[in-house]
Amino acid sequence: MPKGLQEMKFRSEFEPYLLTIRHDSKKPLNKWSPQSGGDGGRNWLRRPDHFNIAVILAPYSPYFVLDIDGEKGYKNLQRLQIAYGKLPRTFTVKSPSGWHYYFRYQQGIKRSIGWLAPSIDIICHGYTLLPGSVIDGKRYEVLDDVSIVSAPNWLIRLASNTNKQIDMPAKKKTAAQYDGEDYEHKVWRARKYVEKMPPAVQGQGGHTQLLRVCNILVHKFQLNDADCRDILMEYNTRCEPPFTSHRELFRKISETRKYHG
């Protein structure tokens, strides 16, 4: 079995709705309409390195997708969960620009682009790319390999009524205040945060700046030592000059933990 379907472990469930997509594209390999159904991914199964693969969505299959686009979409998702309740675990895919949460379709759910919140879409009446697909060198990957479940009632209600304004929580409630945040998303946000911080420059408070970065990783985002080291190594490439002793660099993390408060 090709690696992409092995990773998903959903071949028997997805196979009737698979659709072969052109290489490095989101366009079907052959002329297609939702009513015509899928092709079982036959071409992709024979040559997975030469094609992308997609699954047809509701109402022509049992699935719809909650599409979260980038950091803005993720923060807005946290705000929705603060207001209405946490999403259940379900089959989740990391796309090149965000996350796809798969749910069981229920009658009445409507396709929407940015209506729930900016950078959050409901995808149905079409198809979406599956793990194993590649766009511009960026791969779709399985993030949470669990069974596809029904969407929570609040999401079904909101996705079924696109004529009423959603009651969002106050903007002062950020994603960091939601204690159910997935750790992997937290690491991603921490990396983006540090990328915007100025480099440590020798003779210009470089030591203090390095400790400031460690403090952000250890206490603001509460990352473990391994992820702190990875992000700190990336940050070190921008320092002037870079720290040549990694042991010295990593000692800043333990110092930050030791002297907190």
- Query: Distance-only, no hydrogens or angles: does the Asn236 side chain make a donor-acceptor pair with backbone N or O of Pro242 under 3.5 Å?
  - Reply: no
- Message: Can you tell me how far apart NZ (Lys192) and CD1 (Ile231) are? Round to the nearest 0.5 Å.
- Response: 11.0 Å
- Item | Shared hydrophobic cluster for Tyr101 and Trp154 (ILVMFWY, side-chain gaps under 4.5 Å) | yes
- Would you find a donor on one side and an acceptor on the other, under 3.5 Å apart, between the side chain of Asp136 and the backbone of Lys138? no
- Qualifying side chain to side chain donor-acceptor pair (under 3.5 Å) pairs with a residue from residues 196-207, counting only residues at least two apart or across chains: His207-Lys252
- Query: Would you find a donor on one side and an acceptor on the other, under 3.5 Å apart, between the side chain of Thr208 and the backbone of Gly206?
  - Reply: no
- Task: Answer whether the closest heavy-atom distance between the side chains of Val149 and Phe91 falls below 4.5 Å.
- Result: no
- Considering only heavy atoms from C-beta outward, does the side chain of Glu255 approach that of Leu211 to under 4.5 Å? yes
- Do the non-hydrogen side-chain atoms of Leu249 and Leu232 ever get within less than 4.5 Å of each other? yes
- Asn76 to Ala117 - nearest heavy-atom pair and separation: CB-CB, 3.8 Å
- Which residues pass the salt bridge (Lys or Arg N to Asp or Glu O under 4.0 Å) test with Asp225, sequence neighbours left out? Arg257
- Item | Side-chain heavy-atom pair Ser160, Lys110 within 4.5 angstrom cut-off | no
- Considering only heavy atoms from C-beta outward, does the side chain of Tyr235 approach that of Gln209 to under 4.5 Å? yes
- Message: My understanding is that only residues two or more places apart in sequence, or in another chain, count here; which of them pass side chain to side chain donor-acceptor pair (under 3.5 Å) with Arg89?
- Response: Asp144
- Ser95 side chain to Gly98 main-chain N or O, any donor-acceptor pair under 3.5 Å? yes
- Query: Is there a chain of hydrophobic side chains (I, L, V, M, F, W, Y, each step under 4.5 Å between heavy atoms) that links Ile148 to Ile123?
  - Reply: yes
- Residues two or more places apart in sequence or in another chain: which of them pass side chain to side chain contact (heavy atoms under 4.5 Å, CB included) with Ile135? Asp24, Lys26, Asn52, Leu129, Tyr140
- Query: To the nearest 0.5 Å, what is the distance between CG (Leu130) and CG (Leu18)?
  - Reply: 6.5 Å
- Item | Distance (rounded to the nearest 0.5 Å) between Asp39 CG and Leu29 CG | 7.5 Å
- Side chain Ser133, main chain Ile53, donor-acceptor under 3.5 Å: yes
- Item | Hphob cluster co-occupancy, Ile120 + Ile113, side-chain heavy atoms under 4.5 angstrom | no
- Item | Partners meeting side chain to side chain contact (heavy atoms under 4.5 Å, CB included) with Gln106 (sequence neighbours left out) | Ile109, Ser150, Ile156
- Does the Arg229 side chain pair with the main chain of Asn224, one donor and one acceptor, at a distance under 3.5 Å? no
- Rounded to the nearest 0.5 Å, the CD1 atom of Ile122 sits from the OG atom of Ser112 at a distance of 5.0 Å
- Note on the structure: Rounded to the nearest 0.5 Å, the NZ atom of Lys75 sits from the CG atom of Leu77 at a distance of 13.0 Å
- Task: For the residue pair Cys124 and Arg111, establish whether any side-chain heavy-atom pair is separated by less than 4.5 Å.
- Result: yes
- Report the C-alpha distance between Phe103 and Leu155 in whole Å, list the side-chain angles of each, state the deciding distance to 0.1 Å, and finish with yes or no for side-chain contact (heavy atoms from CB on, under 4.5 Å). CA-CA 10 Å; Phe103 291 105; Leu155 180 57; 4.1 Å; yes
- Note on the structure: With sequence neighbours left out, the residues meeting ring pair (Phe, Tyr, Trp, His ring centres under 6.0 Å) with Tyr127 are Trp32
- Query: Is the shortest heavy-atom distance from the side chain of Pro88 to the side chain of Pro152 under 4.5 Å?
  - Reply: yes
- Item | Gln107 atom CD, over 12 foreign heavy atoms within 6.0 Å | no
Anything under 3.5 Å between a donor and an acceptor, one on a side chain of residues 55-70, the other on a protein residue two or more places apart or in another chain? List them.
from	atom 1	to	atom 2	distance (Å)
Ser61	OG	Ile56	O	2.6
Ser61	OG	Tyr63	N	3.4
Tyr63	OH	Glu13	O	3.0
Tyr63	OH	Glu13	OE2	3.3
Asp67	OD1	His100	NE2	3.3
Asp69	OD1	Ser97	OG	3.4

- What pairs with Phe221 under ring pair (Phe, Tyr, Trp, His ring centres under 6.0 Å), at least two apart in sequence or on another chain? Tyr193
- Task: Examine Leu223 and Ile216 and state if one hydrophobic cluster contains both, with Ile, Leu, Val, Met, Phe, Trp and Tyr joined whenever side-chain heavy atoms are less than 4.5 Å apart.
- Result: yes
- Message: According to side chain to side chain donor-acceptor pair (under 3.5 Å), who are the partners of His23, at least two apart in sequence or on a separate chain?
- Response: none
- Message: Quick check: is Leu87 connected to Trp115 through a chain of hydrophobic side chains (ILVMFWY, heavy atoms under 4.5 Å apart)?
- Response: yes
- Under the side chain to side chain contact (heavy atoms under 4.5 Å, CB included) test, which residues partner His246, sequence neighbours left out? Met233, Phe250
- Query: Can you tell me how far the CD atom of Glu141 sits from the NZ atom of Lys94, to the nearest 0.5 Å?
  - Reply: 8.5 Å
- Message: Distance alone, cut at 3.5 Å: any donor-acceptor contact between the side chains of Asn215 and Arg212?
- Response: no
- Task: Could you pull out all residues at least two apart from Lys31 that satisfy side chain to side chain contact (heavy atoms under 4.5 Å, CB included)?
- Result: none
- Message: Run the side chain to side chain donor-acceptor pair (under 3.5 Å) test against Glu234 and tell me which residues pass, sequence neighbours left out.
- Response: Arg191
- Task: State, with a plain yes or no, whether a side-chain heavy atom of Arg22 is found less than 4.5 Å away from one of Phe51.
- Result: no
